[in-house]
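Below is one structure; the comments refer to it alone.
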Amino acid sequence: MTDVPRDRTTRVEREIFVRSFVRSARPRASVIAEVADLLEERIVPAGTQLYARGAPASHMFWVVEGKVELREDGTPPFVFGPRSTVGALDAFQGIPHSRDAIVVEDAVLFRLDVERYLDVLEDNFEFLKGMSQFLFEGLEALGVALGFEATYGPLRPAPNADVGFGMQAQFGFIEGLLALRHDPLFRAIGVQVVVRLAQLGRFVERPRGAELWTPGERGDALLWLVGGQLELTHREHPGWRGTFGALVDVGVEPVAPLVTLANRESRYRLVAESPVVLVEIPKESWFDVMEDHPSFMRGMLAFAAANRQRLMRLAADRGITAAT
Amino acid sequence: MWSAREALRRALDLRDGEEALVFRAGGVLFGLIAGHTLLETARDAVFLGKLPPSRLGLVYALLAVLSLGIARITGRVMQRFGHRNLFVFSLMAASFGTVFLYLLPDSGVTAFVLYVWSALLGSVLTIEFWALVGGLLSTAQAKRLLGPLAAGGVVGAVAGATLAALLVMSLPVSVLLPIASAVFLGTSIAALGFDVDAGEANAPPRRADPAARDPRTEAYLKRLGVLVAAITAAVLVGDYLFKASAARDLGPDRLPSFLARYYAVLNLASLAVQLFLSSRAVRRAGVVNAASVLPVALFGSGVAVFFTGGALSAAAIVRGADGAMRHSLHRVTQELLWMPVSEPRRSQAKSVFDALLGRGVQAVASLLLFGLATQDLDRGPLLGAIVAACAAVAMAAALSLRARYLELFRAMLTRAPGSAEGEPIELDLDSAELVMEALSSRDEPRVMAALDLLHTKGRGGLIPSLILYHESPAVLARALAVLPTLRRRDWIPLAERLLDHVAPEVRAHAVRALTLVGATASIQQRLNDVSPTVRAQATFAICDAEQVAAPESDPRVAALLAARGDAGRSARVALVEAIAAQGDRRWLAVAFSIADEGDRELTSVLAELARRFPDPAWIDKLIPRLAGGDGRRELRSALVAHGEPALEAIAAVLRDPRAPASLRLHVPRSLSAFRSQRAADLLVDVLTADGSGAVRYKALRALGRFVEEDAKVRVDAARIVVELRRNLVEQFRLRTLSLPLVQQTDLGGSAAMVRDLTLEYLADKARQARERAFRLIKLLHRGEDVRRGYDALVGGDRRARAAAVEYFDALTAEYVRRGEVWSDVRELFRVLLDELPLEDEVERAAPFVRLGPLDLRAALRTLTLDGDDAIVSLSACLAQMVGVSLAIDEQVIFARAARLVPQAAG
């Protein structure tokens, strides 16, 4: 990387940028100052490579001005403009950079050490909560642009409600634990966290035709489908519809977590197409557990990052401008 | 064969990958010392045969000068070629130089040169050897391995001396020179085998920048210098004292046999100390305490000499302490004391200390003794007093090292200093210009950020009223929230214009802003606004302006309270927001009525209201809201505003068996918000007595944050250390129980899956217990950056981990003097910090865990009796799968398993 570090940005400029960037997370002034302290400004001419594919992802960049492309041979590039983040997705997943990052328009960037940024998040949980919800809002919006199957598909198996999952059987807890561990959201976090979440959850049974989400309400619980079938539709996009639990098999299926973890009023309707059994974990409990388990926080960020990367790839394939 | 090797590994406490290094280093030291002993024997015989003993003074003076030059040269060579290459080169030079001296004509000059050559080699080679080994070992390894490794040197001395004695019985003494040369050559070849990639052994040290010296390191080095100088002087005077006493008391006839027996015993004692005592003493008592052992022994024996009038037995103890420890325990601790000094300062200072300081002190002490002898003052009591005085200085220097030693390891763990983290900025003129530029932007987030910045910095006066022409409703709403807080009225006409804005939130904010400054004339029309939010704001504004005494009875307010559906809810939200922003106590009844509806969205605003207008009735209304939803921070501020009654009411939640778990969980953080000693005491109660692990953990975190932010608050260390011990034992208990499962490698299919899941769960819990232990340590050492040390300990950086191990070891070293529980904690920490294989770890922790030897069956039986439902279920399931019968009622286990399954909704 041949970019030029510069020292012309004042603290005020940095604070204004941070405030505008993370405003939705409603951080305290001290958190803003802490994040502003992490920023190293870089002024980078077009054509400069910020990092190469395979390099360790220890830093991420916030774009202030200009444009950056993430390139991979044979695939359309991801384009990032002002007030977007470059390099964080790999860093959050703990993997080396998966693409080359090239500045395509003279850019002003802020460079952040990812570990130190995660430390700030860990020490300021309300901020973390706000930022993760902001991240999921972006994912949810991307999901709307790409359609149900791209976001949640391909159709995955879920059991028949009549068959049941057997969680109430003698050692159903262990079967449940093994099944939950297959959910990508839980793969990166400790078993103890999963057990604790399970204990905070509850079984919910709903008859055919029951409306689980009504447009205009804010989803306050994460759902896993244990049995039955659900239909999800979007209020503003009549063609946007999909089914959870369309096939019969064993396992539990997360129901649109990207929607629930985004903290805004739902524009979705979720209806039981058959009698359904669900495990419901209140979102507040979810965040309570996360506050006590930094590994969970990192696991969820990794989950969000992996999803965003997947959806961005699809968006780029379809020529949709996803990275803004 | 395998068992003998394994027994040796265990006896020397060798870990994977250390065997080759220890045997090579031990072998090289053996060769070095054996070769040098052969050379020394020849040197003494040749020198005393050719020259009078008085020439020794000249030899010492010349050695002091040469040592200075040699130190400078070797320093440069080391900078360029690295430790290993310098050491190998020196050994080869020793070999060739010795042969060259053997070939020189037999004369007084040759004898003189041989003596100087031998003395220089003795100094240079040992310095280079220890510098090389120091770079290959981490501090933790050095503590374990330097003792056994140095034993190679003691054995080398015995072997060299024995060989010399046997050879000179039949051959001329000069034959020892080519033999010593051959030993040096062989040793140099062995030294080539040191793995230069294993550490910094052959990495040329970075050039030291004198201007960049760390003052903490320099302060440490000064104290270390005093220790080295005082010990050197005490040992030299002690040696003189012993020899003079022996010569005086025994006479020339009995002296040789006495010395032969005495030195034989000393060599054995030194070897025993080396093999069995030095590592244990260092690891148990800590480096600094172990470094005090020789000074204490010298002080005690020096005092004994003084009071016994210079008795030979007392003088023999002085020399014995030196002989048994100087090349074993003391050498090891001296090497370890260099560990916190970073390269290149370490190499640079070490060569000065070893070569110059040591020789210089010896020269001065020799002159002193010479002077005393000429005045016939070299008597036992005076010499004993000098030894005791020097030893006392050494003891003081060693004690003063402790804090600095810890400080240096602490510094190694600390990040490079940056700007003051989180320090808020102050706005100067240049900064204000930038903010104004941001306010003029069309970019909504940037404008909002600038508005927020000016508001939080108390510079709202800089916000131009023309911002109320902005196109973004969000910007308008934010500006209308900020502008009324200023002593300005220029914005009022523009705000009145916004009463007709298309966006309801802008109209509502305009009503609120105008109400705040008493400009209510234009608000009347908004009583009939289509938006319930705007209507509620207007209703409040009008009632407030009319000074309605009991707003809850006013029909306009009553209508809002009675309204149904979403519109009614929106109206009540707006009403309570208006009350929170501008109301007074007259409105409390309305606020209580709205609070009783239980709308979670209103938590923050109700909390703000309660904070502004404290009333005992709020306490019971606010506490249940801690269980869920946003606004906990605001709730806690509101409760704090209600003082002690609120604190006791929150604490009472944990005593109430009907209190929901979701509420109990938030009690600790709420208690800590009170920032009082009573709150801290309540948190310690929760930490040590609550039945829920999750609540206890929250209490621990809350207490940690509390203690960090409030220097005045006290915690009961005696209760904390008991909790600390409990967590450490729990950590090892879980590890112990996992061992039989780890060893059960022949499982397949679902049994293997359940076994792995069980192990993962046990590891999770053990990790958590360990993390709790470090949080508790932080409570005991509030000034310490324990978090950074813990991160380094569990992180992947080998050197950072080694520094962290030493940091925690030094931090807990004083625990051994504070009673049984503290001592146990220290011992448990030592096991935790040692990177032991699981089997060894379990064995070392066994006296504390007290589970006895466990096979799979016993482990599973124990696990099924655990207090954790998940462990019970997992282990019972695994037992069933592997065919282990349990004498426990299955129904009990199944009932406990069922408690883990999400509960059916009622």
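Letters A, B, ... are given to chains in the order of the sequence lines, protein chains preceding strands, and every chain is numbered from 1.
Scanning all heavy atoms of the two residues, the minimum distance from Arg701(B) to Glu291(A) falls at NH2-O, 3.0 Å. Of all the heavy atoms in Pro445(B) and Ser20(A), the pair that sits closest is O-CB, 3.4 Å. Here the closest heavy-atom approach between residue Ala449(B) and residue Ile16(A) is recorded as CB-O, 3.4 Å.
The only option from Arg664(B), Arg669(B), Arg632(B) that meets the salt bridge (charged side-chain N to carboxylate O under 4.0 Å, His left out) definition with Asp288(A) turns out to be Arg632(B).
By a heavy-atom distance cut of under 4.5 Å, Lys765(B), Gln768(B) are the residues of residues 765-772 of chain B near chain A, going up by number.
When heavy atoms are compared at a cutoff of 4.5 Å, Val754(B) approaches chain A solely by way of its side chain, counted from C-beta outward. Interface residue Tyr697(B): only side-chain heavy atoms are found under 4.5 Å from chain A.
Expressed to the nearest 0.5 Å, how far CZ of Arg446(B) lies from CZ of Arg83(A) amounts to 8.0 Å. Residue Arg19(A) holds its CZ atom at 4.5 Å from CG of Leu453(B), rounded to the nearest 0.5 Å.
Contact check on Asp764(B) versus Arg196(A) returns no salt bridge, with no Lys/Arg side-chain nitrogen under 4.0 Å from an Asp/Glu carboxylate oxygen.
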